[in-house]
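A short worksheet on the structure shown next.
Note on naming: letters A, B, ... go to the chains in the order of the sequence lines (proteins, then strands), and numbering restarts at 1 for each one.
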Protein chains: 2
Amino acid sequence: MPTKRVPRASATTEVTYRSIIRLFGLIRHIMEPFFSQFGITGSQWGVLQVLLRAEEEGLTRLRLTDLGDRLLVQPPSITGVIDRMERLGLVARSASDTDLRSKVVSLTPAGRELALRVRKGHAARTQAILAGLSPKEQEHLHQLLDQLGSHLEATLEPKDGPVAPRVGTAPSSARSEV
Amino acid sequence: MPTKRVPRASATTEVTYRSIIRLFGLIRHIMEPFFSQFGITGSQWGVLQVLLRAEEEGLTRLRLTDLGDRLLVQPPSITGVIDRMERLGLVARSASDTDLRSKVVSLTPAGRELALRVRKGHAARTQAILAGLSPKEQEHLHQLLDQLGSHLEATLEPKDGPVAPRVGTAPSSARSEV
DNA sequence: TACCTTTAGTTAGCATACTAATGAATCGCC
DNA sequence: GGCGATTCATTAGTATGCTAACTAAAGGTA
């Protein structure tokens, strides 16, 4: 009889999975040295990037929790990163005026200036990284990755009821760093 | 006037790049809990996996440095991971009999047993993760990622001379964990 | 043989990441 | 209005990862 389709584990799946992991490792090895040129780490860039974008949307201050949500990172991690960035003079932590429990973070002038400077070089780096693919291939890759990402988010949050509303501005997305 | 094609930075590149970072974050969020079911971490799985594969190629012991090369991790990191795994009874560290400087690591029976057990569940997990794509799409994704990976490796190691030999068994690849 | 350079592994110190537990403050529902 | 449940941030403790510096052992060459 002809071999059935649907084998025990599809060798393709295994190698595809490994290629994802491998690619990420390579990207990190390229980006970390870039960030250290500016005296920051990938995580700190993540914070700068989120705060800069928030400002451009009219939000000059974000709660620590919101920052964590946007970076897909737990509260204790945010506390530490912000501690160090405050020490570096890149961000300022202040009390919320509506909720005594929470604190808000905002860019200092120095932080904003650095964020803009890093952003420029960052764009050039991502260009260089993706230069291995043609624009058309990049688009196709993006489509496949997004499809996979949506699948995984669905897997991760089979949250409340059959129909999950989910209105927040931050689509639980991205780990902006790197 | 009509907006020019070829904008300053190709929006596609930016979103594609972000989709890579995001996907990796999602995968980590899915895999880490899986490993902790077995009482290990992703890095420890990386070590088990490399040692298991080495055994299957006839190598029952690897030097710490070789382990680091295969995992794309620096020596001090390996020292720490192996310390903890030794304490867990998963691997054994012993002296090399050809070089007094180096030490070799091998799986203990318990480590081998665990590695095999994790490997099974791991395959199932990767299947579930990639189930968001059809086999054909997976293949296409794999092709694109490999192409990008080769591009990055070329970027990272413009090593010696115009023509770099590079014969080693481990193609500088993968960060086997996760 | 003697000395200088390179290699293997470890230690020290820093930056992240996580979970669990704490203390404050706010919400929500009776 | 009030009290239990939830939320926000932090602390404590563990696991990685890295760079820099150090020890010990090999190698290579004068």
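Nucleic acid contact for B/Arg63: sugar-phosphate only, since backbone atoms but no base atoms lie under 4.0 Å from a heavy atom of the residue. Here A/Gln44 lies in heavy-atom contact (under 4.0 Å) with sugar-phosphate atoms only. A/Ser43 comes within contact range of the sugar-phosphate backbone alone, with a heavy-atom separation under 4.0 Å but no base atom that close. A/Thr41 comes within 4.0 angstrom of sugar-phosphate atoms only, judged by non-hydrogen atoms across all strands, and of no base. Backbone-only engagement by A/Ser102 is indicated by non-hydrogen atom pairs under 4.0 Å involving sugar-phosphate atoms exclusively.
Atom CD of A/Glu32 is separated from atom C1' of D/dG17 by 9 Å (rounded to the nearest Å). The CG atom of B/Leu62 sits 14 Å away from the P atom of C/dA8 (whole-angstrom rounding). Atom CZ in A/Phe24 sits about 13 Å away from atom C1' in D/dG17, given to the nearest Å. Here the P atom of nucleotide D/dC18 and the CG atom of B/Leu72 are 9 Å apart, to the nearest Å. In this entry the distance linking NZ of A/Lys103 with P of C/dA25 reads 11 Å, nearest Å. Note: CZ (B/Phe38) to P (D/dA15) measures 19 Å, nearest angstrom. For the pair B/Ile82 CD1 and C/dT11 P, the computed distance is 14 Å after rounding to whole Å. Rounded to an integer number of Å, the gap from B/Gln74 CD to C/dA12 P is 19 Å.
For the pair B/Leu100 and A/Pro75, nearest-nucleotide mapping onto DNA chain D gives the more 5' position to A/Pro75. The residue among A/Arg84 and B/Asp66 whose nearest nucleotide of DNA chain C is located toward the 5' end is B/Asp66.
Remark: B/Ser106 engages B/Arg61, B/Ala92 in a side chain to side chain contact (heavy atoms under 4.5 Å, CB included) (not counting sequence neighbours).
Between B/Glu56 and B/Arg119 a salt bridge is recorded (basic side-chain N to carboxylate O distance below 4.0 Å). Ion pairing between a basic and an acidic side chain is recognised when a charged N comes within 4.0 Å of a carboxylate O; A/Arg63 and A/Asp99 show no such pairing. Using a 4.0 Å cut-off between a side-chain N of Lys or Arg and a carboxylate O of Asp or Glu, A/Arg117 and A/Glu113 qualify as a salt bridge.
Which of C/dC18, C/dG9, D/dT19 sits closest to the side chain of B/Leu64 comes down to C/dG9. Proximity note for A/Val81 (side chain, C-beta onward) versus D/dT10, C/dA17, D/dC18: the nearest is C/dA17.
Between B/His140 and A/His140, the two ring planes are tilted [angle within 30° to 60°].
Within the 6.0 Å centre-distance limit, the rings of B/His122 and A/Tyr17 are counted as a close aromatic pair.
In summary, the side chains of B/Glu139 and A/Thr16 do not present any donor paired with an acceptor at a separation below 3.5 Å, with no hydrogens or angles considered.
A close approach under 4.0 Å does occur between a side-chain nitrogen or oxygen of B/Thr79 and OP1 or OP2 of C/dT10. One finds no side-chain N or O of B/Arg28 lying less than 4.0 angstrom from the OP1 or OP2 phosphate oxygen of C/dC18. A close approach under 4.0 Å does occur between a side-chain nitrogen or oxygen of A/Arg93 and OP1 or OP2 of D/dT10.
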Short heteroatom pairs, N/O only, protein and nucleotides 3-6 of chain D, under 3.5 Å:
none

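Transitive grouping of hydrophobic side chains (ILVMFWY, heavy atoms separated by less than 4.5 Å) brings B/Met85 and B/Phe34 into a common cluster.
No side-chain donor-acceptor contact under 3.5 Å links B/Ser96 to the backbone of B/Ser102.
An angle of 10°, rounded to 10°, separates the two end axes of the helix from C/dT1-D/dA30 to C/dC30-D/dG1, each defined over five pairs.
Remark: B/Thr12 OG1 to B/Glu14 CD distance equals 10.5 Å, nearest 0.5 Å.
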